Number of protein chains: 2
Amino acid sequence: MTTIKDVAKLAGVAVSTASYALNGKQKISEETRRKVFEAAKKLNYQKNGFASDLKSKSTKTIALILSDLSGPYYSQLIQGVQDVSYENGYNLVACSSFGGYNSTAVKFLMEKRVDGTIVFAHNIENDLLVQAAHESFPIIALDRSIESDHIVSIEVDNEQGGYLATKHLVELGHKHIAYVSGPVTTHDNILRFKGYQRALKEHNLPYKSKWNISGNFTREGGYNAAKLLISQKDLPSAVFFANDEMALGGLRAFKEKGIEVPKDISVIGFDDIQLAEYTRPSLTTIRQPKYEMGALAAHILYQLLKGEETENFYKLSTELIIRESTKILT
Amino acid sequence: MTTIKDVAKLAGVAVSTASYALNGKQKISEETRRKVFEAAKKLNYQKNGFASDLKSKSTKTIALILSDLSGPYYSQLIQGVQDVSYENGYNLVACSSFGGYNSTAVKFLMEKRVDGTIVFAHNIENDLLVQAAHESFPIIALDRSIESDHIVSIEVDNEQGGYLATKHLVELGHKHIAYVSGPVTTHDNILRFKGYQRALKEHNLPYKSKWNISGNFTREGGYNAAKLLISQKDLPSAVFFANDEMALGGLRAFKEKGIEVPKDISVIGFDDIQLAEYTRPSLTTIRQPKYEMGALAAHILYQLLKGEETENFYKLSTELIIRESTKILT
DNA sequence: CTGTTAGCGCTTTCAA
DNA sequence: TTGAAAGCGCTAACAG
């Protein structure tokens with residue numbers, strides 16, 4: 001590997017001069033600059049990133065930590081982060097927290113290989129984030145609330161989303177509304193369920209636990225939950241699936257049993273994944289502002305990096321997207 | 001920031017001892033190790049990744065460079081890379097080549113911030129890769145063929161895919177088969193088109209240039225191409241869209257004009273994107289082995305990193321996926 | 001088993 | 001405008 005030393009030697013200047021020239025500092029004469037660049041080119045010199053980072057104590061890059069790099073779910077979020085990063089002249093790398101303590105994510109968090117990070121990965125514990133955060137290493141935590149210095153959390157208002165979904169069904173005249181939940185201990189699920197209950201209560205509708213079925217946030221789980229609902233007789237007139245994946249499974253189960261959506265039963269999901277638009281019938285759902293979330297996260301991170309003050313908690317609203325899977329109860 | 005020096009001082013040992021202890025080297029006594037860890041914990045010590053990389057000349061991480069980090073298209077590819085990386089105990093970061101010469105990707109390529117890289121981004125030129133590649137920095141180039149030391153290319157057999165698609169249509173009895181192409185200069189498009197022509201020739205079917213329409217690889221382009229085909233009268237009985245996105249646009253155009261797929265016209269795509277399964281009718285297409293491509297790329301990269309020999313060129317086969325959008329010509 | 005020390009490749013202060 | 005030299009935080013060779 002050729003180093004800056006080699007370049008300096010070939011150009012017949014001092015290392016410092018070579019460094020100044022290569023980095024475009026003003027104080028170097030045209031002549032010298034040219035010589036240095038020539039030498040660099042001849043040797044196919046490529047700077048060693050670590051060495052310069054080590055010295056300058058800044059990498060001009062941030063990391064986006066996701067629990068699954070390959071999830072299409074993150075697409076818009078990434079887009080938001082990317083756009084804002086680009087505007088700010090920062091570099092962005094994405095890494096996965098797959099593998100827990102041995103994951104790339106944890107390595108990046110603990111070894112400060114970047115200037116700051118945005119974390120959207122539930123398999124990383126709060127403690128670890130608290131430990132990793134530092135004045136010179138701010139962290140933006142998505143979809144969790146965490147109170148600590150140098151950490152800002154951004155959450156989607158899941159409670160409001162749950163409320164919105166349920167209210168939509170109620171306003172269509174539905175009085176018997178089932179809730180297919182995600183893993184019961186999940187933060188997201190708990191809040192969506194709270195919103196569901198609040199809407200019921202506000203409209204004086206009773207909550208029936210037999211209509212609260214667990215679906216594990218998976219397509220399969222939603223399928224099974226719908227099957228269970230059907231086998232219970234006394235089918236509700238509407239079902240709120242706590243995410244779209246489960247709703248997809250539910251749609252399939254209803255179709256298999258000859259129950260027509262939305263004629264016989266209304267279905268609403270949560271997330272607005274890409275597929276929601278393409279199912280038959282297309283899926284009414286609650287849209288999470290994912291792009292905005294990513295953009296906001298990046299924006300705040302860059303403020304922090306500039307030493308500016310910010311709130312340490314943000315909440316984003318959801319939006320009801322009405323498609324074909326819900327209709328007025330006749 | 002607390003450094004290893006601070007830890008050593010607090011523990012009352014030398015830096016080297018602290019380093020050995022922290023890195024789990026054998027030669028340190030239990031007692032000393034304990035002292036060091038205690039001190040590290042008390043100071044919330046976190047190692048500086050660059051410094052150690054600089055010294056050890058290895059990062060144990062590779063980069064996956066994509067032209068668009070947020071594209072759902074890459075999902076399976078990433079999965080393949082990730083799985084194999086995990087098995088090999090390497091870290092993986094993904095970065096985008098968006099922004100050309102100022103992109104994160106180029107920074108990582110030129111500044112050797114990782115041990116090696118897999119590139120799937122057409123906006124990075126061959127020259128740059130050739131320049132960046134080095135014995136200690138192997139590069140795997142996907143979907144392009146490039147001949148240079150320390151670079152291995154992996155391609156999907158686009159020609160064979162084009163042939164397969166066309167042959168499928170021919171075998172269903174179609175004699176009038178249009179080709180909706182991507183940008184005409186694209187490597188991918190050229191090869192798919194070649195395959196199309198080979199299949200025609202092999203079955204003694206004439207090639208008609210009026211049935212070769214450009215669609216730019218976009219949904220919109222496919223839509224327009226289909227419209228054009230329709231307005232030309234003399235509609236072919238089958239259309240091969242050089243990718244699924246265009247086929248989606250085509251499907252919409254046909255539906256709008258009351259032309260039924262596959263009754264009136266057969267449609268085949270290329271890629272097997274996730275949506276292909278969900279359109280009405282679902283889309284017959286050519287699947288690219290994306291997971292395999294990612295896994296193979298990573299596998300080869302790790303071989304190279306271990307100093308083993310490999311081929312410098314690999315070609316992967318495609319597969320015909322028959323769904324509803326093609327049928328026997330009656 | 002532990003300590004001393006050189007040095008990875010770079011940036012930047014200071015002096016010329 | 002240029003050069004000499006210090007030192008970022010760490011690892012590892014070597015000596016004890």
Side-chain angles (χ1 to χ4, degrees), chain A residues 1-40 43-61 107-108 110-115 134 136-137, chain B residues 1-40 43-61 107-108 110-115 134 136-137:
Chain A
M1 233 21 304
T2 100
T3 74
I4 198 171
K5 249 187 187 161
D6 304 320
V7 175
K9 193 186 292 171
L10 182 62
V13 299
V15 193
S16 54
T17 307
S19 169
Y20 288 137
L22 260 6
N23 291 306
K25 297 282 197 271
Q26 295 307 322
K27 45 183 162 185
I28 300 294
S29 73
E30 243 344 288
E31 170 63 6
T32 314
R33 187 187 306 284
R34 207 187 39 68
K35 275 196 305 194
V36 173
F37 273 96
E38 226 161 56
L43 298 171
N44 189 23
Y45 166 71
Q46 297 171 204
K47 95 146 90 168
N48 179 320
F50 321 131
S52 88
D53 289 346
L54 175 58
K55 194 65 205 180
S56 40
K57 292 180 164 304
S58 143
T59 64
K60 271 284 179 185
T61 109
K107 179 168 173 176
F108 269 66
M110 300 314 284
E111 302 185 357
K112 309 282 135 74
R113 291 182 131 78
V114 285
D115 293 353
H134 188 275
S136 61
F137 191 78
Chain B
M1 230 30 297
T2 101
T3 75
I4 198 171
K5 251 187 187 159
D6 303 319
V7 174
K9 192 184 293 172
L10 181 62
V13 301
V15 253
S16 56
T17 307
S19 171
Y20 288 136
L22 259 7
N23 291 307
K25 297 281 196 272
Q26 295 305 323
K27 44 183 164 186
I28 299 296
S29 73
E30 244 342 290
E31 170 63 7
T32 313
R33 188 187 305 281
R34 208 187 38 68
K35 274 195 306 193
V36 172
F37 273 95
E38 227 161 54
L43 298 171
N44 188 25
Y45 166 72
Q46 295 169 205
K47 97 145 87 167
N48 179 321
F50 319 131
S52 91
D53 289 346
L54 175 58
K55 191 68 208 181
S56 41
K57 291 182 165 303
S58 144
T59 63
K60 272 285 178 183
T61 110
K107 180 169 174 174
F108 269 67
M110 299 314 284
E111 303 186 356
K112 308 284 136 73
R113 292 183 131 77
V114 287
D115 293 353
H134 188 273
S136 61
F137 191 80

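Every chain is numbered from 1, with letters handed out A, B, ... down the list of sequences. Here the structure is a predicted model, which is why all the values come from computation and not from measurement.
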A:Lys27 side-chain proximity, nearest of C:dG3, C:dT2, D:dT1: D:dT1
Lys/Arg cation over aromatic B:Tyr20: B:Lys25, 6.0 Å, 45° cone: no
5'-most by nearest nucleotide on DNA chain D - A:Thr17 or B:Lys25: A:Thr17
5' priority, DNA chain D, between A:Gly12 and B:Ala51 [closest heavy atom]: A:Gly12
Between [atom2] on [N] and [atom1] on [X], what's the gap in Å once rounded to a whole number?
X	N	atom1	atom2	result
B:Lys5	C:dG3	NZ	C1'	15 Å
B:Lys35	C:dT2	NZ	C1'	10 Å
B:Ile4	C:dT4	CD1	P	15 Å
A:Leu22	D:dT2	CG	C1'	15 Å
B:Lys57	C:dG9	NZ	P	4 Å
B:Lys47	D:dA12	NZ	P	10 Å
B:Asp53	D:dT11	CG	P	10 Å
A:Lys55	D:dA6	NZ	P	12 Å

Polar contact flag, side-chain donor to acceptor under 3.5 angstrom, A:Ser29-A:Thr32: yes
Modelled atom types, side-chain donor and acceptor of B:Asp53 and B:Thr59, under 3.5 Å: no
SB check A:Lys35 A:Glu38 (cutoff 4.0 Å): no
Residue mapping more 5' on DNA chain C - nearest nucleotide basis, B:Leu54 or B:Glu30: B:Glu30
Does a distance-only test, which skips hydrogens and angles, find a donor-acceptor pair under 3.5 Å between the side chain of [X] and the base of [N]?
X	N	value
A:Ser16	D:dG3	yes
A:Thr32	D:dT2	no
A:Tyr20	C:dT13	yes

Results of side-chain hydrogen bond (donor to acceptor under 3.5 Å, both in side chains) for B:Glu31 - residues two or more places apart only: B:Arg34
D:dT1 OP1/OP2 closer than 4.0 Å to side-chain N/O of A:Ser29: no
OP1 or OP2 of D:dC8 under 4.0 Å from side-chain N/O of B:Asn48: no
Sugar-phosphate only, base, or nothing, as touched by A:Ser19 at under 4.0 Å among non-hydrogen atoms: base
